[in-house]
Amino acid sequence: MTDAFTREIIRNKLLALTNEMGVVLARTSMSPIVYEVLDFACGICDATGRVIAQDNGLCLFTGTFRPQVESILEKYPTATMRPGDVYMTNSPYGGGTHNADVALIQPIFAEDRVLAFGISVTHWTEVGGKVLGSLAPDSTEIYQEGLQFPRLRLYREGEINEAIVDIIRANVRLPTMSIGDLNAGVAAVRIAEQRLSDVVARYGLAAVEETFEAILDHGESLALAALARIPAGVYEADDVIDGDGVSEAPIPIQVKVTVAPDRFVADFTGCSPQTLGPINCARGALLSACKTVFKAITAPQQPSNEGLFRPFELLAPEGTVFTAVRPAPTGWYYEASAYATELVWKALARVLPERLSAGSYVSLCAYYIGGRRPDGEYWVLATPQDGGWGACADRDGENSLIATTDGDTYNYPAEVVETAFPLTMLRNAFNVEAGGGAGRHRGGFGTVREYRIENPTGGSLLASLGRSVHAPWGIGGGRAGTVNYFEVVRSNGEVIRGGRVTSLPLDRGDIVRIVTGNGGGWGDPRERHGNVVRRDVADGFVSPQAAKEDYGREVAG
Amino acid sequence: VNAPALRVAVDIGGTFTDLVVFDETAGTTFETKASTTPADFAQGVLETIRAGNVAPEAIGYLVHGTTVVINAITQRAGVTTALVTTMGFRDALAIGRGNRPDMYNLKFHKPEPFVPRRLRFEVRERVAADGTVGMPIHLCDLDVVAQACRDQGVEAVAICFLHSYAHPEHERQAAEYLGRLLPGVTISTSSEITKEWREYERSSTVVLNAYVQPILDRYLAKLEEDLRALRVPGRLFAMLSNGGTAAFESARRQPIQLVESGPAGGIIGAALVGEQIGEPNVISLDVGGTTAKCSLIEGGDVKIAGDYRLAWTPLSPGYPVRVPVVDIVEIGAGGGSVAWFDEGGALRVGPRSAGAEPGPACYGRGGTEPTVTDAMLIAGVLDPASFLGGRLVVEVALARTAYEPVAERLGVSVEAAAAGVIRLVNEATIDALKLVSVRRGYDPRDFSLVAFGGGGPMHAAALASELGVKRVVIPPFPGTFSAWGMLMTRPRVDLTRTRVTRLDTAHPGEIDEVFCELENEARGRLIEQGFASEQIAGHRRSLDMRYHGQEHTVRVPLPPGERVAQPTLEAAFHTLHRRSYTFALVDTPVEIVNFRTISTVEMPRPTMRRVRLGGNDATGGAESRRRRVDFGDGVRRETAILSRSSLPVGFAAVGPAIVEEASATTVVLPGQRLKVDRFGNLVISPGGAV
């Protein structure tokens, strides 16, 4: 039996290893969505697919590794695998998210058998399909969302299958970037193999395998200790997703969360069926969504591993907006995923004020502004936008912060946008005009970003902004926040406003304004301290009129 | 009258202010220390001069490392500061990059900006990415700003406009205009501090500069006055974060350049130790009470980080500061680091530290938690009788009591628990050392490890054998090594300019032109500090390059002062890219993002004579004592205890051995070979291990 010190040392080495994978991936990728948005994840799973250590740039991948590795094992039993192999999958229905997120999985051998898998998932800027960027907000089938890699063996004993590379090259609009992403993903799993082999060489296979088990058991005990502190009970919440990209018909969703000292069950029975448009997510993404909240309320600062999630159970029938099946499109899956996270959060917010806030702007509010330059070269700014978070029991909501689905995700600086794309950014400001979110503690402000199109041949806008009808919720007398929306202001003064749009043509001089909502408030606004309201007025966060109407305070402007 | 012959370095630390003096005439070095005086740091500095019996009128050169800047920021004790931005970007400072590194914390809170919204103002003006003016600056907008600043008692104003790195003129005009309207208020522009792109990072930098400027200004003015009152005739320099120095006058204008003033000294010192012993590749390790700091020196060059963040942690984005800062990886593993069990029952060490108060349990000042120092005492590495040269009385019994719960919970002996904690700390430090080496594509076998600080010499031998470095070097006076390093630094100006340039379409000469502009600017700044043009030793050049479409860059060093053919440049980039990232994309266009220059002033460095710490008799320095020591494997070995001051040059021994001196304890593991070289360094050849 390996001693506690050695296990702790090995555990740290595994964490360092996944962290290094992430560093290598982020820094080698040629895709802005990876290197600026950190839309990737890396990790190590054991030979059966259980997550041992994970480094993710965002929350969306919290639960996808295991089903992805399992799907590969189903097709390629470990006995058929060889050192140097790399497997590839992007199937949403096989544990993944959407076609643009490509998983690369490398078996890592020790003493002639598979000890573990290195896995990297990278969001490629392009996998082909109906539109530039591969994520058409109005797609109705997965076939419109670009290349599917149905559990391929990309490398055999270190030799790449050139045919696959040729197919990619021929089917994507930005082959240099996509191949760059492929290389980055491979570099990450190669590092995992090297480093894990070093650890095995140093401490022995038995010690490493014992540590795997110890990590999982430790994760479980952390989760159980935290669960014991949550009042046992059944907590329910419902909400409405406002449209699927194809239709604006409301999509009702609901959850029943059962908390017991040793288990945590999220039951999504009764949610709307899968939709025609691409905001559906499949089961792997739903797992991520739920595990995100589960981790947030149990062990937010601890590294992720399968053990932590042992007490977690998911109940959800097939074919719903959260458990879509082929051929449902899932391009904008993170919209459903974001709602699923927030639904569980909403159910628990009142009993866990030390961990959870009021409702936030929820939607990733992703958009693409792009086109072709006069010389024919494609350009595209693809980015999510940060927004307002809900107020907390003990302080105001955070301003301009990236959505729950993401994480250490950076917004684009104006100076980088203007250098890389034919755009001028006119504004990057808090959404103070919208007001909303009044409370003893105020909801945080969203962001207003304005871009003027400078490309002589114009371009187009793709946007998928959720929460554009139903505003973020307040708690305990706190008011609702405000909705997300985009506006296009034409040179002639015409204004188009909406939430989701596909390929809206833009002319040079048009202004695209993306406005993210303000979070919900916490507690009765009349209980807000007068000095704090006065400071808000001085800062321009609250107008003198709102100070009077919402907070009952007379403050001179 | 002889020219003033003393060169002096003063380093203010948390507990002590260290003074190191080099006498150019005698070729000797000595050190002294006094308590740090937080209420008025200058008092501590003057006290060291008195305590060391240093003749003030003999001080010809003084270099000063200070934590005044970083303390003012972390304690939020700066002045009321305003920010002026381009129209539409008032909130950019508070928005930051919108990231949530503490991803699963659904109540994440960003670091509070240093300028509240009511003091952030907008001006109509526009510069495009290529530096052309889209809208001239409306200076009249500043009238309202000035009024608001007066009304709200603003003492410093920061200005950051979009693309000012490409066209600083608007910022200059605004500064001049506001300067006239606001006499007595200090004004900082982002472009005078850095000409790198990314408006949030530049805003954050200039705001922090403005926030501390009056504080550092007053501090250095007072210190200079006090020193002159003592009749110190010499020139006064401040230690910069880039490992160089600047004259006080210059430092007062850009205080943010002093943000990591302290740690830089040690790393420069490590590079010089390398130079002394003919080793251009050095990994430096500085272990103190709370943290271990690692850095890498390649080919004699100290690495500079381009993305320093103040108060950064893995869970907090911190505050970006875009000035050159010596590249340091810091981990929470020092002598005071506490061993504890997390909620899931796993043993952890650090990052929390028992600090100086109450300190480790063995200090007997009320600390009850088991620390690394306590473990070292239990293992016998540290001796209660000679702890800190006898300056502090410690009790092994208290250390053992602190370790009993750990031992009990793990079902092992107190000795095994202590040895295990030492292993954990060593491994954490090894991971940090790998972060600066292996993970950046370097092989530790090409490097020597220079260890200092109170704890560095104690851990170095164990780390060295696992890392496989060539040798470990413990310089003389490891406890005041940072100050010694400062003594060796030179005046220096680092400049950076963002100018995205495709290599395949750049016209010949274009690259050289940008470098020449930067070098002229640097020369101007050094001449302003009173140096003659011919003293400026040379300019080192480098480029941050990337593949078109990538974001992150690789730094490519260039030979000084000469044009480099584009194909050569491209080939160098491919090679470096491959080393860092395992592949190169030879068919993809390559572009330059940043141009960087480092300009230094040639000054004679103190030439260290061969020291005669313990005489030159290689047979002397016999072991004074022996004790039984556990080096981490649970075996107590009879170990020679050597007193460093009695070890002559040329002394050699085979481990296990422990070398004691007032400020540090050096461990030599069984089988490792120890030698005292002609500079008084302890040189350990690894290989032996337990």
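Sequence lines set the chain letters: A, B, ... in the order given, protein chains first and strands last, and positions in each chain run from 1. Since we're looking at a predicted model, the values are computed, not measured.
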Notebook entry, point to check: Is it true that A:Asp406 and B:Arg100 make a salt bridge, defined as a side-chain N closer than 4.0 Å to a carboxylate O?
Noted result: no

What one should report as the nearest heavy-atom pair of B:Phe161 and A:Glu415 is O-OE2, 4.0 Å

Cut-off 4.5 Å, heavy atoms of chain A, and the answer for B:Thr498 is neither

The interface call for A:Thr176 against chain B, heavy-atom contacts under 4.5 Å, is side chain

If one checks every heavy atom of A:Asn56 against chain B at 4.5 Å, the contacting part turns out to be both

Answer key: most heavy-atom pairs under 4.5 Å with chain A among B:Ala128, B:Ala129, B:Gly98, B:Ala166 is B:Gly98

Residue from A:Lys13, A:Gln301, A:Arg395 scoring the most non-hydrogen pairs under 4.5 Å with chain B is A:Arg395

Tightest non-hydrogen contact, residues B:Lys110 and A:Ser400, listed as NZ-O, 2.7 Å

In terms of heavy-atom pairs under 4.5 Å with chain A, the winner among B:Thr86, B:Leu162, B:Val412 is B:Leu162

Quick check: do A:Asn399 and B:Ile95 have side-chain heavy atoms less than 4.5 Å from each other? no

Here the pair of heavy atoms bringing A:Ala538 nearest to B:Arg118 is O-CB, 3.4 Å

The interface call for A:Gln385 against chain B, heavy-atom contacts under 4.5 Å, is neither

Counting only heavy atoms from other residues, nucleotides and ligands, does the tally under 6.0 Å from CD of B:Gln152 exceed 12? yes

Ranked by heavy-atom pairs below 4.5 Å to chain B, first place among A:Arg427, A:Arg355, A:Glu354, A:His218 goes to A:His218

Is a side-chain N or O of B:Arg97 found less than 3.5 angstrom from the main chain of A:Tyr410, in a donor-acceptor match?
no

Bottom line for A:Arg190: the part with an atom under 4.5 Å from chain B's heavy atoms is neither

With chain A, the option among B:His163, B:Glu343, B:His548 that has the most non-hydrogen atom pairs under 4.5 Å is B:His163

Okay, B:Tyr165 and chain A: the region with an atom under 4.5 Å from a heavy atom over there is side chain

Side chain B:Lys107, main chain A:Pro353, donor-acceptor under 3.5 Å: yes

So, the part of B:Glu122 with a heavy atom under 4.5 Å from chain A: the answer is neither

Between the CG atom in B:Leu106 and the CD atom in A:Glu398, the distance rounded to the nearest 0.5 Å is 13.0 Å

Greatest number of non-hydrogen atom pairs under 4.5 angstrom with chain B, of A:Leu222, A:Asp386, A:Ile402, A:Leu224, falls to A:Ile402

Correct closest heavy-atom pair for A:Leu401 and B:Asn99 would be CD1-O, 3.8 Å

Whatever's closer than 4.5 Å to a heavy atom in chain B on A:Thr404 counts as both

Of A:Asp394, A:Ile179, A:Val186, the largest count of non-hydrogen pairs under 4.5 angstrom with chain B goes to A:Asp394

Nearest heavy-atom approach of A:Phe5 to B:Leu347 is CE2-CD2, 3.2 Å

Applying a strict 4.5 Å limit to non-hydrogen atoms, the region of B:Ala428 in contact with chain A is neither

Under 4.5 Å to a heavy atom of chain B? For A:Thr62 that would be both

So, the part of B:Asn105 with a heavy atom under 4.5 Å from chain A: the answer is both

Counting heavy-atom pairs under 4.5 Å with chain A, the top scorer among B:Val349, B:Asn426, B:Asp102 is B:Asp102

When the 4.5 angstrom heavy-atom criterion is applied to A:Val417 and chain B, the contacting part is neither

Counting heavy-atom pairs under 4.5 angstrom with chain A, the leader among B:Met87, B:Arg202, B:Arg120 is B:Arg202

Under 4.5 Å to a heavy atom of chain B? For A:Asp539 that would be both

CD (B:Glu427) and CD1 (A:Ile10) are apart, to the nearest 0.5 Å, by 9.5 Å

Ranked by heavy-atom pairs below 4.5 Å to chain B, first place among A:Gly407, A:Ala225, A:Ser221, A:Gly397 goes to A:Gly407

In short, B:Phe89 meets A:Asn428 closest at the heavy-atom pair CE2-CB, 3.6 Å

Determine whether a donor-acceptor pair (N or O, by modelled atom type, separation under 3.5 Å) exists between the side chain of B:Glu199 and the backbone of A:Ala414.
yes

request  = Starting from the C-alpha separation in whole Å, work towards a yes-or-no answer on side-chain contact (heavy atoms from CB on, under 4.5 Å) for A:Lys295 and B:Met103.
outcome  = CA-CA 10 Å; A:Lys295 188 166 178 343; B:Met103 218 178 341; over 6 Å; no

Value for CE (A:Met177) from OH (B:Tyr547), rounded to nearest 0.5 Å, stands at 15.5 Å

Report task. Taking B:Arg90 for its side chain and A:Ala429 for its backbone only, find out whether a donor-acceptor pair lies under 3.5 Å. Result -> no

Under 4.5 Å to a heavy atom of chain B? For A:Ala4 that would be side chain

Rounded to the nearest 0.5 Å, the CD1 atom of A:Ile9 sits from the CD1 atom of B:Ile430 at a distance of 8.5 Å

Pair count under 4.5 Å, heavy atoms only, with chain B: among A:Arg202, A:Arg535, A:Glu220, A:Glu450, highest is A:Arg202

Distance-only side-chain donor-acceptor flag, B:Arg423 / A:Thr6, under 3.5 Å: yes

Okay, A:Arg7 and chain B: the region with an atom under 4.5 Å from a heavy atom over there is neither

Could you check if a side-chain atom of A:Pro413 sits within less than 4.5 angstrom of a side-chain atom of B:Tyr200, using non-hydrogen atoms only? no

Greatest number of non-hydrogen atom pairs under 4.5 angstrom with chain A, of B:Val500, B:Asp342, B:Thr588, B:Leu585, falls to B:Asp342

Applying a strict 4.5 Å limit to non-hydrogen atoms, the region of A:Ala403 in contact with chain B is backbone

